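Indexing begins at 1, ligand by ligand and atom by atom, following the structure's order. Quick caveat: nothing in here was measured; it's all calculated off a predicted structure. Throughout, numbering of the chain's residues begins at 1 and tracks the sequence. Any value given below was found using the heavy atoms of this structure, including those in side chains, with hydrogens, waters and symmetry copies removed.
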Amino acid sequence: MNDKSLPEHTRVDIGGATLWPGFLDMAAQSEMVEDLRRLVSAAPLFSPETRFGRPMSVRMTSAGRYGWYSDRRHGYRYEPRHPSGVDWPPIPQSVLSVWQAVVPEARSPHACLVNFYGEGARMGLHQDRDEADFTQPVVSISLGDDGLFRIGGVDRGGPTKSVWLRSGDVLVLGGEARLAHHGVDRIRFGSSTLLREGGRINLTLRVVD
Ligand code: SIN
Ligand code: FE2
């Protein structure tokens, strides 16, 4: 990914969100995975609990000033430290560069959530609403296996659209779509060779305060 290649990128509207298919080429994806391996060794993946006390099927960690955490006792929230007590690692420059390229007018992100989907993992429809400033977008980066992403409206229960997010795709949830319901119904385990052991990584960058 570099600025010279930007005009070649096509953008597709998906239910009000903007998809940049194949934004990252293979070299950029591999570089990002290396950065994420270092990140995960400093701040290991864990399984958050839903606010109903069920373990989520995705495993997570974060980078940045804040990371996302959830348990039955206090529900969904941002925390200044990893559950082990260490600071969240800094957001890798390879990841920040994507934010700067696709939403150059936005504030700098405080948090990068790292979701890992192993075989059978999914994420139910939800809104990203633990942040204070909904004028700021959420930028999502997909790596590894294909994920069937579903997006609906701000109100729950309306019509939804589905799209397979592939390795290297970038999706911006901004404007009208900032509070759209979204989730991942399933992944196609083993569909990508990027991660040796298979699985899907999704990064979401957010402005928190
Ligand atoms: C999320 O909503 O946090 C993750 C979305 C995705 O995995 O594509
Ligand atoms: Fe989300």
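With a 4.0 Å heavy-atom cut-off, ligand 1 is reached by the side chain of Arg206 but not by its N, CA, C or O.
Using 4.0 Å as the threshold, His181 has no heavy atom nearer than that to any atom of ligand 1.
The Fe ion (ligand 2) has His126 NE2, Asp128 OD1, His182 NE2 as protein N, O or S atoms under 2.8 Å away.
The pair Arg65-Asp87 does not meet the salt-bridge criterion, since no charged nitrogen lies less than 4.0 angstrom from a carboxylate oxygen. Contact check on Arg107 versus Asp133 returns a salt bridge, with a Lys/Arg side-chain nitrogen under 4.0 Å from an Asp/Glu carboxylate oxygen.
Note: an N/O pair closer than 3.5 Å links Tyr117 and ligand 1 by distance alone. Residue Asp128 places no N or O, backbone or side chain, under 3.5 Å from any N or O of ligand 1. Looking at ligand 1, you won't find any N or O of Thr204 less than 3.5 Å from one of its N or O atoms.
Separation of the Trp68 and Tyr76 ring centroids falls under the 6.0 Å cut-off. When ring centroids are compared, His82 and Phe46 come within the 6.0 Å threshold.
Judged purely by distance below 3.5 Å, without hydrogens or angles, the side chains of His182 and Asp128 pair a donor atom with an acceptor atom.
Contact between Ile187 and Gly199 at its shortest, heavy atoms only, is CD1-CA, 4.3 Å.
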Would Asp169 and Phe23 count as a side-chain contact (heavy atoms from CB on, under 4.5 Å) here? Give the steps. CA-CA 5 Å; Asp169 288 356; Phe23 187 83; over 6 Å; no

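By the 4.5 Å heavy-atom criterion applied to side chains, Val33 and Gln29 are not counted as neighbours.
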